[in-house]
> 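Sharing a structure here in structure tokens format.
Keep in mind it's a predicted model, so treat the numbers as computed, not measured.
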Number of protein chains: 2
Amino acid sequence: MSEGAALEEFLAQSRERVDSDLRDSLPAETEPPAELHRAMRYAVFSGGKRLRPGLAFGAAVAAGADPECATPVAGAVELVHAYSLVHDDLPALDDDDERRGRPTVHVAFGEATAILVGDSLLAEAFAQVARLPEPAAAAAASSGLARAASSTALVGGQVDDLAFVPAEADLESVTSIHLRKTAALFRFAVWGGGVAAGLEAAPLERLDGFGRAYGLAFQLADDLDDADLSECSILHVLSAEQARGRARELLQRAVREIEPFGSDAWALAGLAKRLEGQLPSNP
Amino acid sequence: MSEGAALEEFLAQSRERVDSDLRDSLPAETEPPAELHRAMRYAVFSGGKRLRPGLAFGAAVAAGADPECATPVAGAVELVHAYSLVHDDLPALDDDDERRGRPTVHVAFGEATAILVGDSLLAEAFAQVARLPEPAAAAAASSGLARAASSTALVGGQVDDLAFVPAEADLESVTSIHLRKTAALFRFAVWGGGVAAGLEAAPLERLDGFGRAYGLAFQLADDLDDADLSECSILHVLSAEQARGRARELLQRAVREIEPFGSDAWALAGLAKRLEGQLPSNP
């Protein structure tokens, strides 16, 4: 199997693993309140690529562990991602009616339910990491997830994104938003996969560095892909060519971070390479 | 000092301990996004009685421990309580403009900020329990908090409360809402105080039983206090006299649950007795 084919196979298995686990562990649609539980599953099973779970599993593999051990972390990160999209789409925030070709949760189920779906998914994410069998790993992962989802990370980035003023933007302010709104959760995914695999502080720091660089590059790719300049975008402060160069640099830095893991880090390195190959050339 | 005066002193100390800890541990108002952090503190420091923290500290004392050890649990339960009020007050939910004589968070700071304040406080609650020094206690408390805040507990109770139809109510359906919307968090407070104190499964079950009975009685007292029959209330299915009798019974059951702790459980027993004394006699 080629390197690329092995990576696609790995991603497909990651998706299947996390989806099957979430299908089993989320409250059943028949459990009351049934409407809430239907809406939670609508939000979670919406055709996402499950890239963050793939990174969590890739980190476990880099640590020499069975990827399976990172399933609670992979599920948690996907639930936080899903919650943040449901709340971001609300009328008071981004006011989006559609996501991935379907009505958003508040359009399909009403605003009250959408708010409570987000709240429930966030709580459920912590129930996921609490399932890690080693108490020290469960406690560390829970702490890291709380940090990633906090007002100084994910939520703070969203707040500053909403208040973004293009005329005042510079590379530092845009990067600060990207670090919190996007990279924080990628960092948690990769670091958390290592925590689930039982890694010590020094290799965990390497994984965190990978997640940080990868997450920033991911957001640059997203900005290059979406020319909507009414929102925070790197294209307010860099040309497309500069942004591509910066993303490439970040991905090379990401790969350097995981060199100590050797060939075990093949999936993480592959994901960085894959993202580099996907950088839009004509924004 | 009389029993009553000792309990009031204990409650005042509990309030001071949890408030001082939250003042130190929540992100500073100067930290960006400053507006979000101001709004978070506005929501948390709003003149609440800190009864749930008092119960968490009371449980630690019952376990023979220094109440201080339960501070992360006390802070967490208060943050979840605060988050749930901020989201409940939103226009799409209860649409309340005032709480404790002040504008609600969405009135004072806007709806987007109110949604994100609630999200941040929920994440912050998990950061609090993650501070418990014993990893097994931190992991257990995090798991219990996730359960209490979940779609099958706190959030599910709120959903069924919003959809409540007085004509269809019976004792079972009203109690099911009370158990989830109110008692789940009281249970976590008392049980979590025991977890922080390092208790084993059997005494923890006793504390959980106390929290369950106390929480149900608390909601009955609240219903007796507030004659708003447009919402879910025990007064749809019981007379005021019956509801008072039921609350008294629940509080006696609560006290029986903690008998094995002997005189160490003085604060919990005192809180049950105090609530019995506060049951409104003329609803």
Side-chain angles (χ1 to χ4, degrees), chain A residues 26-27 31-33 35-37 40 80 83-84 87 90-93 106 110-132 134-140 142-160 162-163 176, chain B residues 26-27 31-33 35-37 40 80 83-84 87 90-93 106 110-132 134-140 142-160 162-163 176:
Chain A
L26 286 173
E31 194 166 333
E35 174 89 347
L36 178 68
H37 290 134
M40 283 169 72
V80 171
Y83 126 75
S84 77
H87 279 191
L90 285 168
L93 285 95
H106 66 273
E111 209 177 318
T113 299
I115 293 167
L116 297 167
V117 160
D119 296 349
S120 300
L121 293 176
L122 180 54
E124 205 62 49
F126 287 94
Q128 291 288 326
V129 290
R131 290 165 52 208
L132 287 169
E134 195 57 56
S142 182
S143 174
L145 185 60
R147 206 164 45 236
S150 76
S151 61
T152 55
L154 183 65
V155 177
Q158 168 67 5
V159 167
D160 283 348
L162 283 166
S176 161
Chain B
L26 287 173
E31 193 166 331
E35 173 89 348
L36 177 69
H37 290 133
M40 283 169 72
V80 170
Y83 126 75
S84 77
H87 279 191
L90 285 168
L93 284 95
H106 66 274
E111 208 176 320
T113 299
I115 293 167
L116 297 167
V117 161
D119 295 348
S120 299
L121 293 176
L122 180 54
E124 206 61 51
F126 286 93
Q128 291 288 325
V129 292
R131 288 165 53 208
L132 287 169
E134 195 57 55
S142 182
S143 173
L145 184 61
R147 207 166 42 234
S150 76
S151 61
T152 55
L154 183 65
V155 178
Q158 168 67 5
V159 167
D160 283 347
L162 283 167
S176 161

> Return the set of residues passing side-chain contact (heavy atoms from CB on, under 4.5 Å) with B:Ala130 (not counting sequence neighbours), or none when no residue passes.
A:Ser143

> Taking side chain as everything from C-beta outward and backbone as N, CA, C, O, which of these in A:Leu90 sits under 4.5 Å from a heavy atom of chain B? Side chain, backbone, both or neither.
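The side chain, not the backbone.
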
> Can you name the closest pair of heavy atoms from A:Pro135 and B:Ala136 and give their distance?
CB-CA, 3.7 Å

> On the 0 to 90° scale, with breaks at 30° and 60°, tag the A:His87-B:His87 ring pair as parallel, tilted or perpendicular.
perpendicular

> Write down the atom of A:Ala112, the atom of B:Ala92, and the distance for their closest heavy-atom approach.
CB-O, 3.4 Å

> Which one, A:Leu162, A:Leu93, A:Leu121, A:Asp119, leads in non-hydrogen pairs under 4.5 Å with chain B?
A:Asp119

> Less than 4.5 Å to any heavy atom of chain B: does that hold for the side chain of A:Leu116, its backbone, both, or neither?
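Answer is both: backbone and side chain atoms of A:Leu116 are under 4.5 Å from chain B.
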
> When heavy-atom pairs shorter than 4.5 Å are enumerated against chain A, which of B:Gly156, B:Ala114, B:Ser176 gives the highest number?
B:Gly156

> Can you tell which part of B:Pro27 gets under 4.5 Å to a heavy atom of chain A, answering side chain, backbone, both or neither?
side chain

> Considering residues at least two apart in sequence or located in another chain, which fulfil the side chain to side chain donor-acceptor pair (under 3.5 Å) criterion with B:Ser151?
A:His37

> Who wins among B:Pro33, B:Ala137, B:Ala153 for the most heavy-atom pairs under 4.5 Å with chain A?
B:Pro33

> Return the OG1 to CD distance between B:Thr152 and A:Glu31, rounded to the nearest 0.5 Å.
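Reported to 0.5 Å precision, the distance equals 6.0 Å.
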
> Heavy-atom distance under 4.5 Å to chain B: side chain of A:Leu132, backbone, both or neither?
neither

> Only one of B:Val159, B:Leu154, B:Val155 clears side chain to side chain contact (heavy atoms under 4.5 Å, CB included) with A:Ser120; which?
B:Val155

> Check each atom of A:Glu111 against the heavy atoms of chain B and say whether the ones under 4.5 Å are side chain, backbone, both or neither.
both

